[in-house]
Amino acid sequence: MSLTNNEIERYSRQIILKDIGVSGQKKLKKSKVLIVGLGGLGCPAAEYLCRAGVGTIGLVDHDKISLSNIHRQSMFTTNDIKKNKVEIVKQRIKKINSNVKIKIFKRKVDNFNIKKIIKPFDIIIDGTDNFKSKFLINNFSKVLKKIFISGAIGKFDGHIFGFNFSKRSKPCLMSFYQTIPDDSIATCEEDGVIGTIAGVVGNIQANEAIKYILNVGKCLDGKVLIINLLNLEFKVCNLIK
């Protein structure tokens with residue numbers, strides 16, 4: 001897979017990085033990343049993966065944009081209210097980088113459609129806001145041996161999990177939560193969330209995906225990064241299977 005002159009110029013500032021180079025940029029162009037949930041996490045993840053030159057991006061969301069989304073969901077404006085999230089994100093990405101192939105799924109993932117949606121992609125990014133969806137994506141990513149990067153936010157706090165299920169038996173989300181939590185326990189609607197934590201977590205998810213694609217650096221493989229922006233605390237913990 002070759003790079004065009006336009007692509008070489010577009011990505012020139014990251015191509016000169018010794019951990020990327022032309023060969024790394026070709027890996028990005030060849031890669032396929034699926035983002036499930038286009039809210040506070042999915043928006044920045046989608047934006048920066050498209051800017052980095054990921055060749056194919058899948059977008060999954062059944063929801064429409066509301067006014068209360070705008071403060072933390074960075075791809076949307078007030079003019080987008082009541083429009084479909086997947087359609088708007090696709091439009092924004094194409095304006096940023098027309099080289100990227102976009103595949104949209106205007107639906108909520110469930111037991112009947114998730115296997116077909118996930119299967120063509122290399123890396124699955126979870127930006128959903130409910131535990132039922134998170135564990136569903138976790139389980140099918142494990143079955144299909146995908147790389148799975150999950151994020152969660154609330155108040156000033158964020159969690160990012162990374163699992164490379166393609167290698168060997170690994171811990172998964174259940175290693176952290178033990179049981180599937182009830183979504184009524186804590187929600188952004190009830191407890192609130194600062195918009196900046198969404199940008200931080202979503203961008204770290206995108207960065208983890210890029211590192212997995214390039215096979216560089218240390219990834220959150222079987223680990224969780226816990227962030228508190230109020231006290232500016234960052235902590236990485238190992239998960240035990």
Query raised in the report: Run the side-chain contact (heavy atoms from CB on, under 4.5 Å) check on Val60 and Val86 step by step: do they pass?
Result: CA-CA 7 Å; Val60 187; Val86 288; 5.9 Å; no
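- Linking Ile, Leu, Val, Met, Phe, Trp and Tyr residues whenever their side-chain heavy atoms come within less than 4.5 Å places Ile147 and Val216 in a single cluster.
- In the displayed structure, Glu233 atom CD is contacted under 6.0 Å by more than 12 heavy atoms of other residues, nucleotides or ligands.
- Using a 4.5 Å cut-off between side-chain heavy atoms of Ile, Leu, Val, Met, Phe, Trp and Tyr, with links allowed through other members, Leu230 and Phe234 fall into the same hydrophobic cluster.
- Counting heavy atoms from C-beta on, the side chains of Ile227 and Ile160 come closer than 4.5 Å.
- The salt bridge (Lys or Arg N to Asp or Glu O under 4.0 Å) analysis of residues 44-57, with sequence neighbours excluded, yields the pairs Glu47-Arg51.
- Taking 4.5 Å as the limit, some side-chain heavy atom of Leu239 sits within range of a side-chain heavy atom of Phe163.
- In the model, Thr128 has a side-chain atom that pairs as donor or acceptor with a side-chain atom of Asp126 under 3.5 Å.
- Minimum heavy-atom separation, Ile70 to Phe76: CD1-CB, 4.0 Å.
- Across all their heavy atoms, Gly222 and Pro171 have their closest contact at CA-CG, 4.0 Å.
- Put simply, the residue from Ile125, Leu28, Asp122 that forms a side chain to side chain contact (heavy atoms under 4.5 Å, CB included) with Val33 is Ile125.
- In this structure, Ala152 and Leu41 approach most closely via the heavy-atom pair N-CD1, 3.8 Å.
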Query - Worked check of side-chain contact (heavy atoms from CB on, under 4.5 Å) between Ser31 and Ile123 - result: CA-CA 8 Å; Ser31 65; Ile123 297 175; over 6 Å; no
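- Criterion: ILVMFWY side-chain heavy atoms under 4.5 Å apart, direct or through other members. Under it, Leu144 and Phe148 are part of a common hydrophobic cluster.
- Put simply, the side chain of Lys146 gets close to the backbone of Phe121: a donor and an acceptor are under 3.5 Å apart.
- Once rounded to the nearest 0.5 Å, the distance linking OG1 of Thr196 with CZ of Phe156 reads 7.5 Å.
- Around atom NZ of Lys108, no more than 12 heavy atoms belonging to other residues, nucleotides or ligands sit under 6.0 Å away.
- Among Ile104, Leu59, Asp80, the single residue meeting the side chain to side chain contact (heavy atoms under 4.5 Å, CB included) criterion with Glu87 is Ile104.
- Note: Leu3 CG to Ile8 CD1 = 5.5 Å, rounded to the nearest 0.5 Å.
- Inter-residue side-chain proximity for Asn111 and Phe140 is flagged as met; some heavy-atom pair is nearer than 4.5 Å.
- For Lys134 (side chain) and Gly151 (main-chain N/O), a donor-acceptor pair under 3.5 Å exists by modelled atom type.
- Between the side chain of Gln205 and the backbone N or O of Ile149, at least one donor-acceptor pair lies under 3.5 Å.
- With Asn203 contributing its side chain and Ala206 its backbone, the two residues share no donor-acceptor pair below 3.5 Å.
- Put simply, Val89 and Tyr48 are part of two different groups of oily side chains (I, L, V, M, F, W, Y) that touch within less than 4.5 Å, one to the next.
- Under the 3.5 Å distance criterion, with hydrogens and angles disregarded, a donor-acceptor pair is assigned to the side chains of Ser166 and Asn164.
- Counting only distance, with no hydrogens or angles, the side chain of Asp61 and the backbone of Lys85 share no donor-acceptor pair below 3.5 Å.
- Put simply, the side chain of His71 reaches to within 4.5 Å of the side chain of Val193, judged on heavy atoms.
- A side-chain donor-acceptor contact under 3.5 Å links Arg92 to the backbone of Met75.
- Paired with Val54 under the rule side chain to side chain contact (heavy atoms under 4.5 Å, CB included), one option of Val100, Asn97, Ile213 passes, and it is Ile213.
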Query raised in the report: Can you list the steps and then say if Asn228 with Lys235 is a side-chain contact (heavy atoms from CB on, under 4.5 Å)?
Result: CA-CA 9 Å; Asn228 177 275; Lys235 179 168 62 174; over 6 Å; no
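- The shortest non-hydrogen separation linking Leu49 to Ala209 is CD2-CB, 4.2 Å.
- Between Thr4 and Asn99 there is no side-chain heavy-atom pair separated by less than 4.5 Å.
- Among residues at least two apart or in separate chains, salt bridge (Lys or Arg N to Asp or Glu O under 4.0 Å) pairs with a member in residues 12-37 are Glu7-Lys29.
- Judged by distance alone, with hydrogens and angles left aside, the side-chain atoms of Asn69 form a donor-acceptor pair with the main-chain N or O of Ser66 at under 3.5 Å.
- Listed here is the closest heavy atom pair of Pro44 and Gly199: CG-CA, 4.2 Å.
- One finds the CG atom of Asp110 at 8.5 Å from the NZ atom of Lys132 (value rounded to the nearest 0.5 Å).
- How far CG of Leu34 is from NZ of Lys119: 15.0 Å, rounded to the nearest 0.5 Å.
- Minimum heavy-atom separation, Ile226 to Cys237: CD1-SG, 4.1 Å.
- When side chains are defined from C-beta on, Ile65 does not count as touching Gln73, because their heavy atoms never get closer than 4.5 Å.
- Between Phe131 and Phe135, the ring-plane angle classifies as tilted under the 30° and 60° cut-offs.
- For the atom pair OG of Ser133 and CD1 of Ile114, the computed distance is 8.0 Å after rounding to the nearest 0.5 Å.
- Residues Val224 and Tyr177 share a single hydrophobic cluster, defined by chaining ILVMFWY side chains whose heavy atoms lie under 4.5 Å apart.
- Counting only distance, with no hydrogens or angles, the side chain of Glu208 and the backbone of Leu220 share a donor-acceptor pair below 3.5 Å.
- Ser141 and Asn138 form no side-chain donor-acceptor contact under 3.5 Å, judged by distance and modelled atom types alone.
- Within 6.0 Å of the CG atom in Asn5, the count of heavy atoms belonging to other residues, nucleotides or ligands does not exceed 12.
- Put simply, CD1 on Ile137 and OG on Ser150 are 7.5 Å apart, with the number rounded to the nearest 0.5 Å.
- Atom NZ of Lys94 sits in a crowded spot, with more than 12 heavy atoms from other residues, nucleotides or ligands closer than 6.0 Å.
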Query raised in the report: For Phe165 and Cys172, what are the C-alpha separation, side-chain angles and deciding distance, and is it a side-chain contact (heavy atoms from CB on, under 4.5 Å)?
Result: CA-CA 9 Å; Phe165 293 132; Cys172 66; 3.9 Å; yes
